[in-house]
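Please read the structure below before turning to the comments.
Letters A, B, ... are given to chains in the order of the sequence lines, protein chains preceding strands, and every chain is numbered from 1. These numbers come from a predicted model, not from an experiment.
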Amino acid sequence: MTDGLFLFNSRTRRKERFVPIEAGQARVYTCGPTVYSPQHIGNMRPNVFADLLKRALLMEGLRVTHVTNVTDVGHLTDDSDAGDDKMEVAAQKTGRRAEEIAAEYTGQWLRDRRRLNCLDPEVLCKATEHIEEQIEMIRVLEEKGVTYRIDDGIYFDVSKFPRYTELARLDLDQQQGGQRIADVVGKKQPADFALWKFADPELKRQQEWDSPWGRGFPGWHIECSAMSTKYLGTRFDIHTGGVEHLTVHHTNEIAQSETALGVHPWVSIWMHEDWLVFGGEKIAKSTGNVLLLEELEAMGISPLGFRYFLLQAHYRKQQNVAEQGLRAAETGYRRLVAQAQALATEGNVDESAAQPRRAEFREAVRDDLNAPRALAAATGIVRDESLSPATRRALLTECDAWLGLDLLTAELPQATQETDPRIDGLVAARQAAREAKQWAEADRIRDELAAEQIVIEDTPEGPIWRRNDP
RNA sequence: GGCGCCGUAGCCAAGUGGUAAGGCACGGGACUGCAAAUCCCUGAUCCCCGGUUCGAAUCCGGGCGGCGCCUCCA
């Protein structure tokens, strides 16, 4: 592994050197959230991962067009339409409009992304605003003769797409799909999936549209194909998403897109991040063990402390989330920031001395976004006393362009910001006792405050206090 | 049943053929009236068995254990 950015391609299952389709320009599509409920920390890993990818591409000097979708139309719980529509269910439960729910959770997601220092995508597109494009793509597929109509909707016939099993290396005869859910009657083969679903006249949906095939709503997979084509063209460089999408969603996207657009490969590199697990189980809405970013903050884990946590593991491996690990990350993050910011600003930058350290960091980034190694390299820079403080600062600024941890600019929580007359009084009383060398009294007050989770720190400028993290 | 991932110090986690990164915790030290905060130091032969090799955590074979996907979920 020498020059260039190497990325693991799920399609070939190898690390490959990234070569953009158009020189100097990278086009990336990321499967975004379905906004029927709050996005939890498990959902944030793909955001941070995609952000690291984007920053790595920028670091290579490329222009980046990053497109992310928001699924704001309830797709169905499965392709065969045997389950409930999550947007519709959420709307019914709360008595609110689907649009209202979507707007709320889209906003929450964007806020959390930004607090995690994820760069905004160049294009943020919503499924409901691209119904036309989806219908158009389905129309093209129909013209090409790969669709068929049954009572339930318009379906894609996967037998018409020979490369169907390629991405996930499927053995269709051995797939056990349809075992846990009832299959739709009339499908030619289990893997066929809906492009357009007909509205059930009995059931009044909030979200339905007219189409050449009748009133209804789009199948889940078509939105990504239609919107990526609109904003990135008929072929683009990188498509990211969670591992669980390999077998169904991305496989179906490829079938639709390559058939409709007549291209291959439609996407050069497919990248998939693995799950965050908690107590031996994935963190997901379906398992119910979700935790929100704001809940993390209430525990004393800052958003960037959580980003640091995520950077400690490689994106292609499952990462264990546990309170101890989160706290370890928060502590490690604060110390790293404090050390970085303590570096003197004056002095010269020694370029030749900086080079090996820079190389070490970039090597890690270029090796399939190896964040743990990159983070270790940055930690090494802060503490490398053979480098002048100015050199270290300069290097850390470069590193942070990728890490996104605000190493030199973050404002750490200050201990003395809070004022409380009673506590301030006790702290002052203790200080007076100390000055009178009445140690027993001083310690008694300190113990009293400690019992309420208040910690006193004696600094050269006098005592300060803070509440211990819960 | 098919596809895939993983098992490294107390915890998290890099490393994928040449003799074990990093973080946190613990312990020791400095500092402190004692603490806290801070700084310094300190720990593992890599799930088990067999094989290949001059040499394996790293490759191959066989076990044991955990996780994910094949419904929606990042």
Next item on the list: For residues 163-174 of chain A, pull every pair meeting salt bridge (charged side-chain N to carboxylate O under 4.0 Å, His left out), keeping only residues two or more places apart or in separate chains.
Entry: A:R163-A:E258
Indicate the atoms forming the closest heavy-atom contact of [X] with [Y], along with that distance.
| X | Y | value |
| --- | --- | --- |
| A:A340 | A:V382 | N-CG1, 3.9 Å |
| A:L57 | A:L5 | CD2-CD2, 3.7 Å |
| A:Q134 | A:G219 | OE1-O, 4.4 Å |
| A:Q207 | A:D72 | NE2-O, 2.9 Å |

Check: So, do A:F49 and A:H314 have ring centers that fall under 6.0 Å from each other?
Finding: no
Item checked: A:R13 side chain near B:G4 phosphate (N/O to OP1/OP2, under 4.0 Å) -> yes
Margin query: When you measure from the side-chain N and O atoms of A:N320 to the phosphate of B:A13, is any distance below 4.0 Å, counting only OP1 and OP2?
Written below: yes
Item checked: Under 4.0 Å protein heavy-atom contacts per nucleotide of nucleotides 15-24 of chain B, with B for base, S for backbone only and - for none -> S-----BBSS
Note to self: Treating primed atoms plus P, OP1 and OP2 as sugar-phosphate and everything else as base, which nucleotides of nucleotides 29-36 of chain B get B, S or - for protein heavy atoms under 4.0 Å?
What the structure shows: ----BBBB
Could you work out the separation of [N] and [M] based on their [atom1] atoms and round it to a whole Å?
| N | M | atom1 | value |
| --- | --- | --- | --- |
| B:A44 | B:G23 | C1' | 16 Å |
| B:C47 | B:G15 | P | 15 Å |
| B:U16 | B:G55 | C1' | 15 Å |
| B:C31 | B:C39 | C1' | 9 Å |
| B:A20 | B:G2 | C1' | 37 Å |
| B:U58 | B:G18 | P | 12 Å |
| B:U8 | B:G43 | C1' | 14 Å |

Checklist line | Result of checking A:H249, A:H250, A:H66, A:H245 against A:H239 for ring pair (Phe, Tyr, Trp, His ring centres under 6.0 Å) | finding: A:H250
Item checked: Closest to side chain of A:A313, choosing from B:A14, B:C70, B:A74 -> B:A14
Margin query: From the set B:C72, B:C67, B:C12, return the single nucleotide nearest to any side-chain atom of A:Q318.
Written below: B:C67
Check: Taking atom C1' of B:C39 as reference, at what distance in whole Å does atom CD of A:E385 sit?
Finding: 10 Å
Check: Which whole-number value in Å describes the distance from A:H245 NE2 to B:C72 C1'?
Finding: 9 Å
Item checked: From A:N117 atom CG to A:R115 atom CZ, the distance as rounded to the nearest 0.5 Å -> 11.5 Å
Next item on the list: Just call it for A:L276: base, sugar-phosphate, or nothing, with non-hydrogen atoms closer than 4.0 Å on any strand.
Entry: base
Check: How would you label the contact of A:Q339 with the nucleic acid (heavy atoms, under 4.0 Å): base, sugar-phosphate, or nothing?
Finding: sugar-phosphate
Next item on the list: Verify side-chain contact (heavy atoms from CB on, under 4.5 Å) between A:H221 and A:V248, making sure each step is shown before the conclusion.
Entry: CA-CA 9 Å; A:H221 312 291; A:V248 177; 3.8 Å; yes
